[in-house]
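Below: one structure, written as structure tokens.
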Amino acid sequence: MTGVVKRFPGVVALGGVDLDVQRGEVHCLLGQNGAGKSTLIKVLAGVHEPNEGTIEWEGEQVTLSHPQAAMDLGVATMYQELDLVEGLSVAENIFLGHEQTRFGFSQRSAARREAAALLARLGHSEISPAAEVGTLSAASCQIVSMARALSLDAKLIIMDEPSAVLDAGEVSQLFRVIREITDQGVAVIYISHRLEEIREIGDRVTVLKDGRTVTTGLDAKTTPTQELIRHMTGRSIEYVFPPKPEVPAGEPLLRVEGLGRTGEFSGVSFDVHPGEVVGLAGLVGSGRSEVVETIFGARKATTGTVTVDGRLVRPGSVPAAVSAGIGLCPEERKSQALVLGASLASNISLASLARFSRAGLLDRDGENTSAEELLESLDVRPRGIHRESRTLSGGNQQKVVLARWLLRGCRVLLLDEPTRGVDVGARSEIYALIRRLTDDGVAVVVVSSEIPEVLGLSNRVLVLADRTVRHEGLADELDEHAVLDIILKGDAA
Amino acid sequence: AGCTSNEPATTPAASTQQPAGNAGSSNDAPGKKVVIGFSGPAADHGWLAAINNSALEEAKKHSDVELKAAEGTNDASLQISQIETFINDKVDAIVLLPTDGAALTEVATKAMQAGIPVINVDREFSSPFAARSTILGDNYGMGVSAGTYACQVVKEKNLTNPVIAEIAGIDALPLTQDRSKGFADALKACNQTVDNRVAAEFTVESGEKQASNLLQAAPKIDVLWNHDDDQGVGVMAALDQANRHEMAFIGGAGSANAMRWIQEGKMAATVIYPPTQAADGIKLARLIAQNKGLSDLVQVEVPKRIVLNAPVVTKDNVEQYLPLGFES
Amino acid sequence: MSADVTKVDQTPGDQAPDGGTGGGHDTSTQGPPVGGAPARAGGIAGFLGGPLGRNAGLVVALVLLIIVGIITAGDRFASPENALTILRLGSVIGVVSVGMTFVICGGGIDLSVGAIVALSSVWATTVATQTLAADFHWIVMVFAALAVGGVCGLVNGVLIAYGRIAPFIATLAMLAAARGLAEIIAKRRTQIIRDRDFITFFGGSVLGIPVLVILFAIVAVVGWILLNRTTFGRRTLAIGGNPEAARLAGIRVQRQTMYLYILLGIACGIAAVMIMARTTTGTSTHGTLYELDAIAAVVIGGTLLSGGRGTVVGTVLGVLIFTTLTNVFTLNNLDTSTQAVAKGAIIVAAVLLQQRVSRTRST
Amino acid sequence: MSADVTKVDQTPGDQAPDGGTGGGHDTSTQGPPVGGAPARAGGIAGFLGGPLGRNAGLVVALVLLIIVGIITAGDRFASPENALTILRLGSVIGVVSVGMTFVICGGGIDLSVGAIVALSSVWATTVATQTLAADFHWIVMVFAALAVGGVCGLVNGVLIAYGRIAPFIATLAMLAAARGLAEIIAKRRTQIIRDRDFITFFGGSVLGIPVLVILFAIVAVVGWILLNRTTFGRRTLAIGGNPEAARLAGIRVQRQTMYLYILLGIACGIAAVMIMARTTTGTSTHGTLYELDAIAAVVIGGTLLSGGRGTVVGTVLGVLIFTTLTNVFTLNNLDTSTQAVAKGAIIVAAVLLQQRVSRTRST
Ligand SMILES: Nc1ncnc2c1ncn2[C@@H]1O[C@H](COP(=O)(O)OP(=O)(O)OP(=O)(O)O)[C@@H](O)[C@H]1O
Ligand SMILES: Nc1ncnc2c1ncn2[C@@H]1O[C@H](COP(=O)(O)OP(=O)(O)OP(=O)(O)O)[C@@H](O)[C@H]1O
Ligand SMILES: [Mg+2]
Ligand SMILES: [Mg+2]
């Protein structure tokens, strides 16, 4: 397979992209949010038909008019927005569209068996093929999606940000599998915003910017990070965390005591002072999301209390938490945070509607002005406040969610995976933003599966494992290995 | 309602039921051209379809009548707007079979005030000022006829504790209430009451359904009155299916099907509810608009109120009524 | 809402055409990006680009219908009286449809509207209520109707929001129960309104415009403001668009859901008063099949049946289209069955037209 | 599908209770994690843990209803004939409901089922068809009904899948058009079937079980297999649950959507044959309000109105509940209005019960 060349000079999304992928290589696609990576791979997968340009497959020109056509060629795709059907079981999802059948009847036991084998190969035999996908965590869904790609027996597997919802251990599992399949001559297109991963797994790198190929064929192992970033963003970014200021001593702003929920987690206690960042580290599924959602009242605590500024927050009530000054940027932007069909302005003002209410009437000018200001100060692109939020890239959507709570002016901000799927540029902007907030005395809790991020951002870190806090300590006294050690030992204990 | 005559009439009561009877009268000679608006309930039912068809056919017979027939509807509000449209159109007369007499009274009064004579058919308005002339089937009388016939059966068969069942039409309609009341009142005369009662929806399907359930509810039935021969087709299917023909099955409305069953002996009797009312209404409207009277009456003007008889058809007189039975 | 993003298709089983850049409703496979938000034109141009523009297809459909009406029925159609007849006929179902727009925008559905109209009309015309009204003022009847409607809406809302019963099922149950109750109360009789002042007031006209039409206009305008210019409307669209996101933004989703059904219940109460005035009666058969008519008007008006997006203007246009259609049919003396067939064809044509027009506008 | 995760609530405006462990339908804030799928027990236990278990609430509701029937109507209720009566009454709407389950699982809705039944029954009983049947065999009538149903379904499917008209609107148009056409063809007459063999065959019994009931059973079993054991069913659930994901998986979403409506159309054709046999007639009034009855049975059976999840067993139970309810009412000589009120209350009670029972089972 040589010379996959394609051009897609539609309006903006892809303005002429060249890409070639060789047998057995891991070809990395880099680019900022909205650069057009996902669009490009959707063209390859037969989801979009290109307006212009050609695709060659093993030397022959092909047209991919339907996803099935791409699959028939041997292109398997793991999409960024998880492409699973919640109501179906794991096995059914894996073989959806290419079911094993005999006379139209599905071979359920065969499917289950093969699904189990695939999951085991991915190191996740704990996911039952019979489980309903709707009940799985995002990480497990990603695994299922991967098993699905493997089940297609493809010659090219496209992975659009597969690591976004995975933790360190799972990513290394993933890499093991990638090595396995590339050894068999399968090509992989790998998209990620984590440059370390590119170094570890990638062979060659293509960088996209504004829907165009900036550079292609860079060596993934040797090209300096700064150069990659410069290609992507057109400027250089010090890819480091802003310095942490001293946390003023005194009364904590947020106090969580003995918080627990039957069957989910127990005995979580910690304080956050104004201007402090507390990180929650842990493996995927360790219950960190549940902890922050419980603090926020989205789930009702069975034990323990949450106080803000010494005042008890009524458990199990989001409005109570919000009026106490707590804000949450949930883990899943699309399903939990954004009204995708609504405009940016109305998404931003959603938590502050009371402020724009003049005797029930909506102060639309005020709303638009505030939204406009926030979009500008957060550098959301593209900027139109009337734009539907579904058309924004992931990083920009995250900024919109942050803008919602900035507008609300909350004093405690809970961030669940704030940089998931966010590019390096936006990432450093979000870090800077968090810092700006703490400078204003906001207390921040950060949940992230990227241990360096937790360590880099936080003043103090809580390590969760086995659904309870295993360790609490200053971030500066820990490093990645130490955290992993704690988690593993916790598991052993 | 006034007329409750229930003895089987030997001749069809109103002369209007026999167009032939008027054939030679001068009234049928073409007169001044008149536009008549006609509005009735949705023709979702054999009897109502017969009402509509007979109205249309009657209008076609007269070269001087232009009929504007509005969409049949069961929505009083829509029917009101149809009458409003007729008023806007300045038709010469309106024949109105209201979905609900009371609900259409206001707009009918408005039409009368606008100088358009309204002929009220079948379901009566709540105000005497709403119609120039009213032509009614007799729902209460129909129930009485059926009840009286039922009593006769009880007496003839010498039943001591007869099971009497009733399959009503759409229960929410006043006409159903009238029929049921007449039935119950007539049964009182022979000290009987209705033992089982279900309500169908004037459709074949609902008739079959309700009858099937009813047959389960009452393992033995002596007399069964079904309000409506249209749903009666379904009732008959249920009786056939369950092979239950022990009862005296009385119908209602007088469809051709029912008459044929009477001939075959599958049905004891049916009570006529003439579907020619609307046709009569059209005739009256034409006469009123042309300022004529009923030629068979000495009276110069068309009468204010005509109530049609509800005769009982049995094996004895079915031949006579068969031509009047409507195909449903 | 930006003017150039027009969504018509709302097929749940919908998808972008197999290949091709068509503007499907799907999340991620959209065609070329719109390329920057449009400059917002203010004033009339803004309105044209906004609500009217979004409903351009409906406007075209309505205009076509009017042209057909004029051609086939001439002056009888194009007279002021006929226009008022159309409006008066549309006003009752129109009020219900505006209320229905809110419930559907909020992600729900209500099958019980017709039954609630019936129950309200019956309750407001019982001997007891009418006696009270005679002693006091006919406003008692109006209050009775609104209160009954509101309470029915409340019951729907509580069952759906707090009892977590699917709206379809909860309101289906209400449909059965309310109509049954109406029959029991009215003893299946048509209750005639004795209060002439009531009839005169609601049957009258102000400056030549029937009071009923004015009522409908008021409800439509208030509905438009409520949906587009208040926080209430914003919350409604949010809970319809993504209930989970709305919840996590601190919106009381359950309470808001309940409000929507109460609102619709009250709209049904208003409609009951209007139908009482039109027919001078209260009966359990009022409002038959209003649920289908109202939902049809709302959906043809462009409100997404899945919630989160909707327009009151579209709903009003939808009501007008259906009402005008019936009127044109009546004027042309079409027989019922042919009418039904034609109606089916015209509905499909109108929707396809709306799609085409919007698509050309949005590219 | 794992047996212990039962979803009942499907309120679009739904949300996890503000606190409380309730099993909302939301993606991520679910209650306690399920902790791996349950070991699959095979055989009968598997069935109990599966379809029956998932519908435990419905089974309980049905059993309660039966107990009430026995208490209030004694032997008249608890007789084999009465059981067959109930089944025979439920069989027609049952066949339609099974078909409707597919359309709803696929994310659609069909309001035209009743009209299609009417049109099929009329077409299959015209003089022309009956003459042909008399010359040849009554199977001609059956084919005519199925063909008409299938073609109507095809039209629905094409309009919805390729014309991108919202299912609600497209099938509403079909509702009007098909019933109108039926009236035109039948000239609003009830067409009586002359072929006694047809009546005898479908009105008969095999081993004491009426042919109609056997037909219903066959349709239900085939439906169950189709939905749960074939790729067709898998794809149906996929396009209903997430049409975009289905498309990305290479499924021809439009084609599949079309198939679903054709399937339902054919089911309507079967139902038409059954109703023809029961009433010995074909008329344009057959199937009135089937749309509501069928959708109600499907939804109360636990199929999500938003698509992607559904059970044929639940639908069958839903049909049986509604039919038994009417039967018990009739046996007790309840008047229609009281029936309606009771029906509303019982629907709500059944759904709440189903929720409770499933919730206890799943924790
Ligand atoms: N459905 C859509 N409608 C309109 N514009 C879209 C749509 N999908 C993508 N775009 C636009 O196309 C451009 C490319 O988006 P794409 O999703 O390919 O970016 P990406 O490189 O994958 O970004 P990320 O890293 O955030 O995933 C962006 O400007 C985006 O706003
Ligand atoms: N909707 C759900 N239904 C059932 N189980 C769930 C659901 N959501 C999460 N879980 C389970 O709860 C456990 C904790 O999930 P949670 O998302 O809180 O973990 P986390 O530490 O935040 O990990 P992540 O980094 O993936 O967010 C996981 O095992 C997951 O499978
Ligand atoms: Mg992307
Ligand atoms: Mg999490």
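Sequence lines set the chain letters: A, B, ... in the order given, protein chains first and strands last, and positions in each chain run from 1.
Counting all heavy atoms, side chain and backbone alike, A340(D) lies closest to G180(C) at CB-CA, 3.8 Å. Residue G344(D) comes nearest to A176(C) through the heavy atom pair N-CB, 4.1 Å, listed as atom of the first residue, atom of the second, then distance.
Options V341(C), I347(C), I346(C) differ in how many heavy-atom pairs under 4.5 Å they form with chain D, and the most are formed by V341(C). For the set S337(C), A345(C), A173(C), the count of heavy-atom pairs under 4.5 angstrom toward chain D peaks at S337(C).
In this structure, CG on L175(C) lies 9.0 Å from NZ on K343(D), to the nearest 0.5 angstrom. To the nearest 0.5 Å, the span separating CG on L352(C) from CD1 on I169(D) amounts to 11.5 Å. Note that the CD1 atom of I184(C) and the CG atom of D335(D) stand 6.0 Å from one another [nearest 0.5 Å].
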Before you tell me yes or no, could you show the steps for L292(D) and L111(C) under side-chain contact (heavy atoms from CB on, under 4.5 Å), namely the whole-Å CA-CA distance, both residues' side-chain angles and the distance that decides it to 0.1 Å?
CA-CA 10 Å; L292(D) 274 190; L111(C) 299 180; 4.1 Å; yes
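Looking at L159(D), only its side chain comes within 4.5 Å of chain C, counting heavy atoms on both sides. Of the two parts of T338(C), the backbone and the side chain both hold a non-hydrogen atom closer than 4.5 Å to a non-hydrogen atom of chain D. For I295(D), the parts sitting under 4.5 Å from any heavy atom of chain C are the backbone and the side chain alike.
I300(C) has its side chain out of reach of F168(D): every pair of non-hydrogen atoms, C-beta onward, lies at least 4.5 Å apart.
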